[in-house]
Enquirer: 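Have a look at the structure that comes next, please.
Hydrogens, waters and symmetry mates are skipped; everything else that's a heavy atom, side chains included, is used.
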Amino acid sequence: MKPRILIVDDEPDIVRLLQMKFQHCGYEVITAYDGLNAVAKTIEFRPDAVLMDVMISALDGFAAMIRIKREL
């Protein structure tokens, strides 16, 4: 099984660039574009790592990580 990473950023071009790079390195990549979606996808997919911008919409990266830690 490939290691799984969640990439979270509100800039689609940045997400696509990181997604291509991590996929090339052998990761399964899940993407999200805001903090609330990041929390939901973390609960659903249980990634091995989360790469998240801190200045994102709906719920900033710091608040999203606090919620993720509570849920896991």
Side-chain angles (χ1 to χ4, degrees):
M1 177 183 246
K2 292 180 179 182
R4 187 178 290 164
I5 188 167
L6 172 62
I7 297 172
V8 187
D9 199 305
D10 54 1
E11 294 288 334
D13 291 338
I14 292 172
V15 172
R16 276 192 297 277
L17 177 68
L18 291 170
Q19 181 177 20
M20 288 187 313
K21 185 64 174 173
F22 278 100
Q23 285 175 334
H24 178 74
C25 291
Y27 287 85
E28 177 184 344
V29 177
I30 300 132
T31 60
Y33 297 94
D34 64 55
L36 290 174
N37 198 271
V39 172
K41 288 195 174 183
T42 299
I43 293 166
E44 180 180 356
F45 294 104
R46 302 286 182 161
D48 298 297
V50 177
L51 179 62
M52 185 178 327
D53 185 6
V54 295
M55 300 198 53
I56 52 178
S57 60
L59 187 65
D60 71 39
F62 294 116
M65 290 309 294
I66 289 168
R67 283 196 188 180
I68 288 168
K69 285 177 73 173
R70 281 189 208 148
E71 295 292 330
L72 297 181

Enquirer: Are V39 and I66 linked, directly or through other ILVMFWY residues, by side chains that come within less than 4.5 angstrom of each other?
Expert: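 Result: no, two separate clusters.
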
Enquirer: Mind jotting down which residue pairs meet the side-chain hydrogen bond (donor to acceptor under 3.5 Å, both in side chains) criterion with at least one end in residues 42-57? Sequence neighbours excluded, please.
Expert: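 Found none.
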
Enquirer: Hey, could you give me each pair passing salt bridge (charged side-chain N to carboxylate O under 4.0 Å, His left out) that has a residue in residues 60-72? Not counting sequence neighbours.
Expert: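 Sorted result for residues 60-72: empty, none.
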
Enquirer: Can you list the residues that meet the side-chain contact (heavy atoms from CB on, under 4.5 Å) rule with Y27, with sequence neighbours excluded?
Expert: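 Partners of Y27 by the side-chain contact (heavy atoms from CB on, under 4.5 Å) criterion, ordered by chain and then number, come out as P3, I5, F22, C25, V29.
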
Enquirer: Hey, could you give me the CD1/OH distance between I7 and Y33, rounded to the nearest 0.5 Å?
Expert: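 OH of Y33 is found 9.5 Å from CD1 of I7.
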
Enquirer: Do any pairs count as a salt bridge (charged side-chain N to carboxylate O under 4.0 Å, His left out) and have a residue in residues 29-40, sequence neighbours left out, and if so which ones?
Expert: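 Residue pairs passing salt bridge (charged side-chain N to carboxylate O under 4.0 Å, His left out), neighbours aside: none found.
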
Enquirer: Would you name the heavy atoms of M52 and A64 that are closest together and state the gap between them?
Expert: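 Result for this residue pair: SD-CB, 3.8 Å.
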
Enquirer: Per the side-chain hydrogen bond (donor to acceptor under 3.5 Å, both in side chains) rule, what does the pair list look like for residues 4-19, sequence neighbours excluded?
Expert: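 Listed once each, the pairs are R4-E28, D13-R16.
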
Enquirer: In this structure, would L51 and M20 fall into the same cluster of hydrophobic residues linked by side-chain contacts under 4.5 Å?
Expert: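 They do not share one cluster, since no chain of ILVMFWY contacts under 4.5 Å joins L51 to M20.
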
Enquirer: Is L72 linked to F62 within one hydrophobic cluster, defined over Ile, Leu, Val, Met, Phe, Trp and Tyr using a side-chain heavy-atom separation of less than 4.5 Å?
Expert: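 Unlinked, L72 and F62 end up in two clusters.
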
Enquirer: Cluster question for you: counting only ILVMFWY and a side-chain heavy-atom cut-off of under 4.5 Å, with indirect links fine, are L36 and M65 together?
Expert: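 The answer is yes; both residues are in one hydrophobic cluster.
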
Enquirer: In chain order, what residues pass the side-chain contact (heavy atoms from CB on, under 4.5 Å) check against A32, with sequence neighbours excluded?
Expert: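 By the side-chain contact (heavy atoms from CB on, under 4.5 Å) rule, A32 matches L6, V8, N37, A38, K41.
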
Enquirer: Tell me if the CZ atom of F45 is crowded by more than 12 foreign heavy atoms within 6.0 Å.
Expert: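 It does: F45 CZ has more than 12 such atoms within range.
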
